[in-house]
2 protein chains.
Amino acid sequence: MSVTTLHRPAHRDALTHLDDAFQRGDLVTVFGRCTVEYDGRASSSLGPGDRLLLLKPDGSALVHTDEGRTPVNWQPPGCDHFASVRDGRLRVRSVRRSPEELLDVRFERVHHLAAYDVTDPDELDLQGSEADLKEHILATPSRIEPGFEPLATERETDAGPMDIFGEDDAGRPVVVELKRRRVGPDAVGQLRRYVDALEREFGSGREIRGVLVAPSVTDRAKSLLDEEGLEFVALDPTTGRPPADATDAG
Amino acid sequence: MSVTTLHRPAHRDALTHLDDAFQRGDLVTVFGRCTVEYDGRASSSLGPGDRLLLLKPDGSALVHTDEGRTPVNWQPPGCDHFASVRDGRLRVRSVRRSPEELLDVRFERVHHLAAYDVTDPDELDLQGSEADLKEHILATPSRIEPGFEPLATERETDAGPMDIFGEDDAGRPVVVELKRRRVGPDAVGQLRRYVDALEREFGSGREIRGVLVAPSVTDRAKSLLDEEGLEFVALDPTTGRPPADATDAG
DNA sequence: CCCTCGATCTCGGAT
DNA sequence: ATCCGAGGTCGAGGG
């Protein structure tokens, strides 16, 4: 049976059902009036209300309200779920070690409980990531500029690995930092750290170029690039070509 | 009735139930064997498998598998959900404008459908945020250093608003950047941008101090701070005091 | 484990 | 609408 449910169960019956579902490795949903306490990296408290609790066999827990993509409370994968009945309430605790974190959901009333036998053989295939943009550039390096030659990807520096390291038609070293979407000041700082690291590594005489590649750039980020002597090239992550609205400066 | 459900419904019945639930403003879950297509900021494809679809009355949609805190596919709040039956399959589309995004879930088989009447009056009360750390410091500025005097919070600069602006016992301007958790290189770049902006603003003669406040720092971030002539103070966001394991350098 | 960074990040606040 | 930064971010990949 791929789905089993209980409507308005007594807490004892909900507990039995829940423990059986955990045993089977089902994904469980519990809907009811509850309070939620969290303590760990931060701590939070949520008064009584109707919410949907999802408990996954991988140890994740999600508390969803009627609003928001983000759960109001949660526990990441790897936790242990424990159900019990205390003070006439169904209580679900989800415990994490390292960092020590506890999620405690207490149901004053369970409206509905469902256990789903989930089997998902397929892996998500996603297009338009930064990795795709990198592939486009390696396939057609001239999109950066004529004569640009990639020499390495993920090349290590004291500031961490660069997205692409290469050289221009004059043989000057070039650091390329890729972003799949419009960039702000943080991306400029990241590029700057790589360029600084290479300047230390190559010695003070050598000029290192830094190129930020993204579909577009904010005004503040553009100013920062200019101040730092860094460059910008507008490319779309899905096509690897300049975006439709791209001027030279993006 | 706060919960209505259908077990292994015919697609037509599922559709009717779904439309009624949308009308009522219920939170809906659909569990079944489905494929998922997404196209928007990126695009993705997911072959047949059993998944749980959550549709919220605020327009969010979440596709959850048996693993992960993060949904395998989703749509943020503000979307419009449309259900239909095409080619003998239940199809749920969730559409967003600006950016234009589409989530398309096609059920070959619906194992279970539930509609929940969610009412949640309570707001989450969270402790241990960066805002709490700020309050601690404003209450006891000497935690930064003896003689430190806060003058403003969120004070504007060309690089955006600083967390805390103040001066030390010698009257030197101090930029304080707060983080609730262990900091890496990005936070150093952020602090640096504020210090640079103030140096331009105050003129070249004036020395501006920059202090990063967090429970701890990574090695690389510490090196960057040292190179830039910036400082670090170890404080815990929940207590406002030095963490138990804090040495001077954190 | 920790570090670093990408993400359809999400979310909120300010302009 | 865009910009900017916080987040219990999550998650992956590498050391």
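Numbers restart at 1 for each chain; the letters A, B, ... are given by sequence-line order, proteins then strands.
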Go through it in stages, so that I can follow the logic: the residues are Leu90(B) and Leu18(B), the test is side chain to side chain contact (heavy atoms under 4.5 Å, CB included), and I'd like the CA-CA distance, side-chain angles, deciding distance and then a yes or no. CA-CA 10 Å; Leu90(B) 178 69; Leu18(B) 212 44; 4.1 Å; yes
Lys56(B): partners by salt bridge (Lys or Arg N to Asp or Glu O under 4.0 Å), with sequence neighbours left out: none
Enumerate, in order of first residue number, the stems that involve DNA chain D, defined as 3 or more consecutive Watson-Crick or G-U wobble pairs with both distances under 3.5 Å. C:1-7 with D:9-15, C:9-15 with D:1-7
How many Å lie between CE on Met162(A) and C1' on dC5(C), as a whole number? 15 Å
Distance check, C1' atoms only: dC10(D) and dA6(D), in whole angstrom units. 14 Å
Spacing between Asp163(A) atom CG and dG6(C) atom P, to the nearest angstrom: 6 Å
From the list Asp219(A), Thr218(A), Asp226(A), side-chain hydrogen bond (donor to acceptor under 3.5 Å, both in side chains) with Lys222(A) holds only for Asp226(A)
Find the distance Asp132(B):CG to dA6(D):P and express it as a whole number of Å. 15 Å
Within the side chain of Asp120(A), is there an N or O that forms a donor-acceptor pair under 3.5 Å with the backbone of Asp122(A)? yes
salt_bridge(Arg192(B), Asp196(B)) N-O dist < 4.0 Å: yes
Does Gln190(B) place a side-chain N or O at less than 4.0 Å from the phosphate oxygens OP1/OP2 of dC4(D)? no
I need the CG-P distance between Leu224(A) and dC3(D), as an integer number of Å. 14 Å
What distance, rounded to whole Å, do you find between the two P atoms, one in dC11(C) and one in dG11(D)? 15 Å
Nearest-0.5 Å distance that lies between atom OG1 in Thr35(A) and atom CG in Leu46(A): 8.0 Å
Looking at Leu62(B) and Arg69(A), what are the two nearest heavy atoms and their distance? CD2-CG, 3.5 Å
What is the distance from CG of Asp186(B) to C1' of dC5(C), rounded to the nearest Å? 9 Å
Reference residue Val175(B); test side-chain contact (heavy atoms from CB on, under 4.5 Å); the match among Leu198(B), Ile164(B), Asp163(B): Leu198(B)
Pull out every residue in residues 192-199 of chain A that has a heavy atom closer than 4.0 Å to any atom of DNA chain C, ordered by number, or say none. Arg193(A), Tyr194(A)
Can you check whether Phe148(A) reaches Val176(A) side chain to side chain, under 4.5 Å on heavy atoms? yes
Table of protein N/O atoms under 3.5 Å from nucleotides 8-10 of chain D N/O atoms:
residue: dG8(D); atom: O6; partner: Asn73(A); partner atom: ND2; Å: 2.9
residue: dG8(D); atom: O6; partner: Trp74(A); partner atom: N; Å: 2.8
residue: dG8(D); atom: O6; partner: Trp74(A); partner atom: O; Å: 3.0
residue: dG8(D); atom: N1; partner: Trp74(A); partner atom: O; Å: 2.3
residue: dG8(D); atom: N2; partner: Arg41(A); partner atom: NH2; Å: 3.4
residue: dG8(D); atom: N2; partner: Trp74(A); partner atom: O; Å: 3.3
residue: dG8(D); atom: N2; partner: Gln75(A); partner atom: OE1; Å: 2.7
residue: dG8(D); atom: N2; partner: Glu101(A); partner atom: OE1; Å: 3.3
residue: dG8(D); atom: N3; partner: Tyr38(A); partner atom: OH; Å: 3.3
residue: dG8(D); atom: N3; partner: Arg41(A); partner atom: NH2; Å: 2.9
residue: dT9(D); atom: OP1; partner: Arg181(B); partner atom: NH1; Å: 2.8
residue: dT9(D); atom: OP2; partner: Arg180(B); partner atom: NH1; Å: 2.4
residue: dC10(D); atom: OP1; partner: Arg41(A); partner atom: NH2; Å: 3.0
residue: dC10(D); atom: OP1; partner: Trp74(A); partner atom: NE1; Å: 2.9
residue: dC10(D); atom: OP2; partner: Arg41(A); partner atom: NH1; Å: 2.8
residue: dC10(D); atom: O3'; partner: Thr70(B); partner atom: OG1; Å: 2.9

Donor-acceptor under 3.5 Å (Asp26(A) side chain, Val28(A) main chain): no
Could you give the CD-to-P distance, from Glu130(A) to dG13(D), as a whole number of Å? 14 Å
Inter-nucleotide P distance (dG7(D), dA7(C)), Å rounded: 22 Å
Test side chain to side chain contact (heavy atoms under 4.5 Å, CB included) on Leu27(A) and Leu55(A) and set out the steps. CA-CA 6 Å; Leu27(A) 187 164; Leu55(A) 297 166; over 6 Å; no
Looking at every strand, decide which applies to Glu156(A) at a 4.0 Å heavy-atom threshold: base, sugar-phosphate, or nothing. nothing
Would you mind classifying the nucleic acid contact of Ala221(B) as base, sugar-phosphate or nothing, using non-hydrogen atoms under 4.0 angstrom? nothing
Go through the steps for Leu124(B) and Asn73(A) under the test side chain to side chain contact (heavy atoms under 4.5 Å, CB included), then give the verdict. CA-CA 9 Å; Leu124(B) 186 75; Asn73(A) 275 116; 3.5 Å; yes
How many Å lie between CG on Leu191(B) and C1' on dC4(D), as a whole number? 17 Å
Partners meeting salt bridge (Lys or Arg N to Asp or Glu O under 4.0 Å) with Glu101(A) (sequence neighbours left out): Arg41(A), Arg96(A)
When you compare the protein's N or O atoms with those of nucleotides 1-3 of chain C, which come within less than 3.5 Å of each other, and at what distance?
residue: dC3(C); atom: OP1; partner: Arg182(B); partner atom: NE; Å: 3.0
residue: dC3(C); atom: OP1; partner: Arg182(B); partner atom: NH2; Å: 2.3
residue: dC3(C); atom: OP2; partner: Arg182(B); partner atom: NE; Å: 2.7

Check every strand shown and say whether Glu100(A) touches a base, only sugar-phosphate, or nothing at a heavy-atom separation below 4.0 Å. nothing
